[in-house]
Amino acid sequence: MATIDLRGCDVVGTISGNSPEIREYPEAASQDFKLGDFVYLVNGKVTVCGADPSSILGIALKDATETEDSSIPVALANRDTLFEANIYYDANGSDESNNALAAADIGKKYGIVKSAAGKWYIDKTDTSNTRIIIRDKVDDIGDYYARVIFQVMVKNFQLDAVS
């Protein structure tokens, strides 16, 4: 059982084998999001998602410039795009087993959380506000803070016609 280094979300590919869909949008005013943060559009401009986002455009592919209308590339959350992130729950006094990857986690729906360190992770303790589904593992079963491959759930796609 290993402990995996924590890092932010990455776009890692697609189900189809094509390139992920990447679009550029103008940055909203006063933004401080980082590469790998979940973002959405507010009045057509890229804005960092709140604590429990129900509408997700995708993940930012560069840090905010803090200059309104700067072009920000975003890997779109859609039916094809695959992302990678750590399983991590950083609440004080939490059960450490919440940070370990189990075989049963594959195929499960969980919430996402932005940690105190400002990075987004998969929150295995949140099975009510589900935003993602784990499709595969990168690290071994039993590893703490394991990296997993996931998709944003259709109901949370900002740019889906049926969401």
Exercise. Between Asp63 and Phe33, is any pair of side-chain heavy atoms under 4.5 Å apart?
Worked result: no
By ring pair (Phe, Tyr, Trp, His ring centres under 6.0 Å), Tyr144 pairs with (sequence neighbours left out) none
Closest heavy-atom pair, Lys109 versus Thr130, reported as atoms and distance to 0.1 Å, is O-CG2, 3.5 Å
Any ion pair linking Asp160 and Arg79 (charged N to carboxylate O, less than 4.0 Å)?
yes
Query - Under 3.5 Å side-chain donor-acceptor pair for Asp105 and Tyr110 - result: yes
ILVMFWY network linking Ile87 to Ile133, side-chain heavy atoms under 4.5 angstrom:
no
ask   = Are Lys114 and Asp37 ion-paired here, with the side-chain N under 4.0 Å from a carboxylate O?
value = yes
- Message: I'd like to know if the side chain of Asn86 and the backbone of Tyr145 have a donor-acceptor N/O pair within less than 3.5 Å.
- Response: yes
Test log, rule side chain to side chain donor-acceptor pair (under 3.5 Å), inputs Glu27 and Thr65
CA-CA 8 Å; Glu27 180 178 329; Thr65 64; 2.8 Å; yes
So OG1 of Thr67 and CD1 of Ile72: to nearest 0.5 Å the spacing works out to 9.0 Å
Taking Thr47 for the side chain and Lys45 for the main chain, is one N or O donor matched with an acceptor at less than 3.5 Å?
-> yes
Would a 4.5 Å heavy-atom cut-off, applied to side chains only, mark Asn156 and Ser54 as touching? yes
NZ of Lys34 to CG of Asp32, rounded to nearest 0.5 Å, is 6.5 Å
Note to self: Using side-chain heavy atoms (C-beta onward) and a distance below 4.5 Å, is Arg135 in contact with Leu82?
What the structure shows: yes
Quick one: does any side-chain atom of Asp10 pair with a main-chain N or O of Val12 as donor and acceptor, under 3.5 Å? no
All heavy atoms of Leu35 vs all of Lys62, minimum pair found to be CD1-N, 3.7 Å
Between the CZ atom in Arg23 and the CG atom in Asn78, the distance rounded to the nearest 0.5 Å is 9.5 Å
*Where the side chain of Thr14 meets the backbone of Gly17, is there a donor-acceptor pair that is under 3.5 Å apart?*
yes
task: In plain terms, say whether Arg131 and Asp126 are close enough for a salt bridge, that is, a side-chain N and a carboxylate O under 4.0 Å apart.
output: no
Practice prompt. State, yes or no, whether a side-chain contact exists between Phe38 and Ile112 at a heavy-atom distance under 4.5 Å.
Written response: yes
Minimal heavy-atom distance between Thr81 and Leu76, with the atoms involved, is OG1-O, 3.0 Å
Between Gln31 and Val46, the two heavy atoms sitting closest are CG-O, 3.7 Å
Does the side chain of Tyr88 come within less than 4.5 Å of Ile122's, by heavy atoms?
no
Problem - Side chain proximity check, Leu101 to Lys137, heavy atoms < 4.5 angstrom - result: yes
Check: Less than 4.0 Å between a side-chain N and a carboxylate O, is that true for Arg7 and Glu84?
Finding: yes
Contacts of Phe150 meeting ring pair (Phe, Tyr, Trp, His ring centres under 6.0 Å) (sequence neighbours excluded), chain-then-number -> Phe83
Nearest heavy-atom approach of Val152 to Ile56 is CG1-CD1, 4.0 Å
For a 4.5 angstrom cut-off between non-hydrogen side-chain atoms, does Val39 reach Ile59?
no
query = Is Val154 reachable from Ile134 through a run of I, L, V, M, F, W or Y residues, each pair having side-chain heavy atoms under 4.5 Å apart?
reply = yes
Closest non-hydrogen contact found for Tyr40 with Ser55 is CB-O, 3.4 Å
- Is there a donor-acceptor pair closer than 3.5 Å between any side-chain N or O of Asp80 and the backbone N or O of Ile15? yes
Do any N or O atoms from the side chain of Gln151 and from the backbone of Ile132 form a donor-acceptor pair under 3.5 angstrom? no
